[in-house]
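So that the names make sense, note that chain A is the first sequence line, chain B the second, and so on, each numbered from 1.
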Protein chains: 2
Amino acid sequence: MQQTRKSRQREAILANLRARCDHPTAMELYLSVREEIPSLSLGTLYRNLKGLCDSHQIIRLSDGGEEHYDACTVPHWHIKCDHCGRFYDLPTPADVASVVPTPEYSGKIYGYSLIFFGTCEYCARAADEK
Amino acid sequence: MQQTRKSRQREAILANLRARCDHPTAMELYLSVREEIPSLSLGTLYRNLKGLCDSHQIIRLSDGGEEHYDACTVPHWHIKCDHCGRFYDLPTPADVASVVPTPEYSGKIYGYSLIFFGTCEYCARAADEK
DNA sequence: AACAATAACGATAATCGTTACTGTTATTAT
DNA sequence: ATAATAACAGTAACGATTATCGTTATTGTT
C-alpha cells in the first residue's frame, strides 16, 4: 500500500502546488519546495507526484517533453504556449460538461484533457512589441 | 533548411503510417518500416517524424510516456486507454469546429488536442469476460 | 512512553525515449 | 559528369523519470 501515512514532504509539495497559479514542471516544483525543505530528494518529489496523481489530488498536464502539474482538480481547459512552453488556465464554460459531449463509444470514458495550442498573452504581446 | 530533398526513408515512413489504422509509437513504426528498409536508423526515423510534424503532414499524440503518431490530419478526437496505453480514434462530430468553442483569450489560439481517458472497447470487453 | 512494523525518505544508480554528433551516401541543380 | 549539401547509418550523449537500497519517521499496539 502507498501513501497511507502522512509525511512532511508530501504535505509541503501539495501545499506549494496549491499556492501557485502556474503549472510547474517537476523541477520547478522541486526547486521551490527545497526552499522550505532543503533536504528534499528529487526521487521523493517524483514518488509523491505519482501518488498524488493516482489519488486524483493533482493533475498531470502532458504535451511532449516535460510533464506539468496542477493542483486544481475542477475540470478546466488549458493553453500550451508554443513560445515559452508554459501552460495557462483558460476561461472555461461554466457548463463545461455539456459543451464537450462524451462520444458514443463501446468502451468506458471517464474524463478528458483539452489543451489548446497557440501563443500565450505574454509571448503574443512581446512579439507585437518587436 | 530541412526536408527539401526527397528520400526513400521518409517516403516509406509516411506511407507506412498512412497505411495503418493504429497510432504507433516511434518504436512500433521503426520495427514496421524496418521490414521494408532493414538498414533504417532510429535516428533517421526520429528526424523525419520531427520534420513531418513541423510541416503538419502528421500529428503527434502526447499523454506522458511515449509519443504516438497519426497520419490523419483532419481534426478528430482520440481516446487513450488506461489499460493498454493505446490511442484510438473516436467518432467525432462532423461540425467539430463548432462543438468546442475557441475560448476568449488575449493570446492567439490556432488549434487544440482533445484526448478522452478511459478503457478502450477491447480492454473493457476483456475485463467483462473475467 | 517504549516498541515493532513498515511506509516514506535521501542518495544515487539505472532506464529509456529522444536528440545530437560524425563520417558516408544520395539527391538535386548546374 | 560534377559539385554542393541534405539526408543517411551508426553511435554517443542527454535528460526526465523510475528503481534500488540502506536509513529515518510515522503509526498502531503494548
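Side-chain proximity of A:Q3 to the nucleotides C:dG10, D:dA7, C:dA8 is greatest for C:dA8. Closest contact between the side chain of B:Y46 and the listed nucleotides C:dG17, D:dA25, D:dA16 involves C:dG17. Comparing atom distances between the A:N48 side chain and each of D:dT27, C:dG17, C:dC9 picks out C:dC9 as nearest. Comparing atom distances between the B:E67 side chain and each of C:dT28, C:dT18, D:dA25 picks out C:dT18 as nearest. For A:T44, taking side-chain heavy atoms from C-beta onward, the closest of the listed nucleotides D:dT17, C:dA8, C:dG10 is C:dG10. Nearest to the side chain of B:L40, among D:dT17, C:dC9, D:dA9, sits D:dA9.
With DNA chain C read from its 5' end, the first of the two nearest nucleotides for B:K6 and B:G65 is the one closest to B:G65.
With rounding to whole Å, A:L42 atom CG is found 17 Å from D:dT20 atom P. Rounded to whole Å, the distance from CE on A:M27 to P on D:dG15 is 11 Å. When the P atom of C:dT18 is taken as reference, atom CD of B:E28 falls 11 Å away, rounded to whole Å. Atom CG of B:L45 is separated from atom C1' of C:dG17 by 12 Å (rounded to the nearest Å). Between the CZ atom of A:R5 and the C1' atom of C:dA4 there is a distance of 11 Å, given to the nearest Å.
Taking side-chain N and O atoms only, B:Q9 has no distance below 4.0 Å to OP1 or OP2 of C:dA26. Checking the phosphate oxygens (OP1, OP2) of C:dA7, no side-chain nitrogen or oxygen of A:T4 falls inside 4.0 Å.
Rounded to 10 degrees, the angle between the two end axes of the helix from C:dA1-D:dT30 to C:dT30-D:dA1 is 40°, with five pairs used at each end.
No hydrogens or angles were tested; on distance alone, nothing pairs the side chain of B:R47 with the base of C:dT19 as donor and acceptor under 3.5 Å. One donor-acceptor pair, N or O on each side, does fall under 3.5 Å between the base of C:dA11 and the side chain of A:S41.
We find the CD1-OH distance between A:I79 and B:Y110 to be 9.0 Å, quoted to the nearest 0.5 Å. With rounding to the nearest 0.5 Å, the separation of OG1 in A:T73 from CD in A:Q57 is 9.0 Å.
Residue contacts for A:K50: at a heavy-atom cut-off of 4.0 Å it reaches no nucleic acid atom on any strand shown. Residue-level contact check: A:R8 touches neither bases nor backbone, having no heavy atom under 4.0 Å from any strand. Using a 4.0 Å heavy-atom distance criterion, A:S7 is classed as a sugar-phosphate-only contact.
Separation of the B:Y88 and B:Y122 ring centroids falls under the 6.0 Å cut-off.
Among A:H78, A:H68, A:K80, the one residue that satisfies the side chain to side chain donor-acceptor pair (under 3.5 Å) test with A:D63 is A:K80.
With hydrogens and angles disregarded, no donor-acceptor distance shorter than 3.5 Å links the side chain of B:R60 to the backbone of B:K50. Within the 3.5 Å criterion, the main-chain N or O of B:Y69 finds no donor-acceptor partner in the side chain of B:H23.
Heavy-atom neighbours of A:R20 CZ from other residues, nucleotides or ligands within 6.0 Å: above the threshold of 12.
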